[in-house]
Amino acid sequence: MTTYVLRHGQTDYSMRYLVNGDPTKDIPLNEEGRRSLGRAWRSLPLHSVATWLTSEFPRARQTTSLLMGVPSAKLVVDARLNELDYGGFEGCPFLQYAAWLDAHGPGLRPPGAGESQREGIHRMLTGVLAALEHRGPRVLVSHGLLVSVLRWYRDRTTSDTMPLFFSEAPYIEPVAIPDDELPVLVTSLLDDLESGSCREITGCGDAPKLRISEGLAVATVDSVPPTHPLDKKDLPHA
């Protein structure tokens with residue numbers, strides 16, 4: 001069996017690079033987000049999916065609802081798949097959060113947040129692993145950061161260590177993970193998180209810290225308002 005992990009469709013918030021880590025805010029898909037769901041017919045076995053898993057966020061639940069083609073399939077809402085908690089950066093342009101992260105690192109919690117970036121990734125990965133408790137094939141609808149971490153793992157080399165910033169995850173493009181590979185993948189990523197925490201605490205290790213100026217970004221959202229002074233090539237992606 002296989003688990004298909006994908007990012008929800010586009011919203012007006014994500015289109016403007018505004019961060020939303022609060023599931024109580026009603027931020028639905030926009031027109032482009034709804035239209036993009038048609039791509040799933042070419043990349044997902046929609047008629048044979050036995051379990052659908054989604055985060056608590058309205059945009060993820062709406063994506064899941066619009067994709068479900070088999071009413072008898074099981075629907076699971078799992079808070080472990082939620083977007084990152086941005087704390088005091090909620091509703092702000094992504095670059096404000098990215099600048100804070102660049103300065104303070106992934107192990108510290110932003111002001112007002114209940115988790116750090118690394119703690120959030122750990123939580124999300126436990127939700128992915130828990131998908132194996134449900135009948136497959138499974139489709140798991142989550143958020144950009146989780147999908148980008150999985151894509152990074154898929155494309156990494158053996159010498160790569162987990163970066164601070166990840167490349168953007170496309171909407172509605174699944175990462176397919178066979179059941180026999182999923183525990184190995186999650187265990188490896190959790191080990192990367194633990195190793196990164198040790199490097200932060202001890203200061204050991206020679207892995208370079210990636211900077212915003214290098215054109216990479218934490219993968220959580222999309223574009224900034226047109227008034228932002230930076231050239232688009234320097235903007236983070238999510």
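Only this structure's heavy atoms are used, side chains among them; waters, hydrogens and symmetry mates stay out.
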Inset, instruction - Please test Ile121 against Leu146 for side-chain contact (heavy atoms from CB on, under 4.5 Å), starting from the C-alpha separation and ending with a verdict. - result: CA-CA 7 Å; Ile121 293 174; Leu146 173 60; over 6 Å; no
Inset, instruction - Kindly determine whether Lys25 and Asp22 satisfy side-chain contact (heavy atoms from CB on, under 4.5 Å), including the steps that lead there. - result: CA-CA 6 Å; Lys25 287 192 174 181; Asp22 180 358; 4.0 Å; yes
Inset, instruction - Evaluate the criterion side-chain contact (heavy atoms from CB on, under 4.5 Å) for residue pair Val128 and Leu140; output intermediate values, then yes/no. - result: CA-CA 8 Å; Val128 174; Leu140 189 158; 4.2 Å; yes
Inset, instruction - With side-chain contact (heavy atoms from CB on, under 4.5 Å) as the test, would you mind laying out the steps for Tyr4 and Val49 before giving the verdict? - result: CA-CA 10 Å; Tyr4 299 86; Val49 174; 5.9 Å; no
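Aromatic pair Trp52/His134: ring centres not closer than 6.0 Å. If you look at Phe57 and His143, their ring centroids are closer than 6.0 Å.
The OG1 atom of Thr11 lies 6.0 Å from the CZ atom of Arg59; values are rounded to the nearest 0.5 Å. Summarising the geometry, atom CZ belonging to Arg118 is positioned 12.0 Å from atom CG belonging to Leu108; distances are rounded to the nearest 0.5 Å. Here the straight-line distance linking atom CG of Leu129 with atom CG of Leu185 works out to 10.0 Å at 0.5 Å rounding. To the nearest 0.5 Å, atom CG of residue Leu189 and atom CD of residue Glu194 are 13.5 Å apart. Note that OG of Ser195 and CE of Met162 are 9.5 Å apart. Values are rounded to the nearest 0.5 Å. The distance from the CG atom of Leu182 to the OG1 atom of Thr187 is 9.0 Å, given to the nearest 0.5 Å.
Taken together through direct or relayed side-chain contacts under 4.5 Å among Ile, Leu, Val, Met, Phe, Trp and Tyr, Met68 and Val77 form parts of separate hydrophobic clusters. Taken together through direct or relayed side-chain contacts under 4.5 Å among Ile, Leu, Val, Met, Phe, Trp and Tyr, Met1 and Leu6 form parts of separate hydrophobic clusters.
Side-chain contact between Pro163 and Trp152 is present, with at least one heavy-atom pair separated by less than 4.5 Å. At a threshold of 4.5 Å between non-hydrogen side-chain atoms, the residues Leu190 and His122 count as touching. Residues Leu29 and Gln10 form no side-chain contact, since every pair of their non-hydrogen atoms from C-beta on lies 4.5 Å or further apart. With a 4.5 Å cut-off on side-chain heavy atoms, Leu81 and Thr54 do not count as touching. Between Thr3 and Val139 there is no side-chain heavy-atom pair separated by less than 4.5 Å. The shortest distance between side-chain heavy atoms of Cys92 and Tyr97 does not fall below 4.5 Å. With contacts defined as side-chain heavy-atom distances shorter than 4.5 Å, the pair Ser43/Pro174 qualifies. Side chains of Gln62 and Arg34 form a contact here, defined as non-hydrogen atoms less than 4.5 Å apart.
Checked against Leu132 for a side chain to side chain contact (heavy atoms under 4.5 Å, CB included), the options Asp179, Val186, Ile177 give a single hit: Asp179. For the pairing with Glu115, the salt bridge (Lys or Arg N to Asp or Glu O under 4.0 Å) check across Arg109, Arg80, Arg123 returns one residue only, Arg123.
With hydrogens and angles disregarded, a donor-acceptor distance shorter than 3.5 Å links the side chain of Asp85 to the backbone of Gly114. Not one N or O on the side chain of Ser188 forms a donor-acceptor pair closer than 3.5 Å with the backbone of Val184. Proximity of a side-chain donor or acceptor of Ser148 to a complementary backbone N or O of Leu145 within less than 3.5 Å is not detected. Side chain of Arg138 to main chain of Ala131: a donor-acceptor pair is present (N/O by atom type, distance under 3.5 Å, no hydrogens or angles).
The minimum heavy-atom distance between Tyr13 and Val19, with the atom names listed, is CE2-O, 3.7 Å. Minimum interatomic distance between Ala60 and His8 (heavy atoms only, all atoms of both residues): CA-CB, 4.0 Å. When all heavy atoms of Ala113 and Tyr86 are compared, the pair lying nearest together is CB-C, 4.1 Å. Listed here is the closest heavy atom pair of Arg7 and Ser14: NH2-CB, 4.2 Å. Among all heavy-atom pairs drawn from Trp41 and His47, the shortest one is CZ3-NE2, 3.6 Å. Heavy atoms only, all atoms of each residue included: Asp26 and Pro58 are closest at OD1-CB, 3.8 Å.
Under 4.0 Å is where a charged nitrogen must lie from a carboxylate oxygen, and between Asp192 and Arg156 at least one such pair does. Classification of Arg35 and Glu32 as a salt-bridged pair holds, one side-chain N sitting under 4.0 Å from a carboxylate O.
A donor and an acceptor atom, one from each side chain of Glu83 and Asn20, are nowhere located under 3.5 Å apart.
In Arg135, the CZ atom is not crowded: 12 or fewer heavy atoms of neighbouring residues, nucleotides or ligands sit closer than 6.0 Å.
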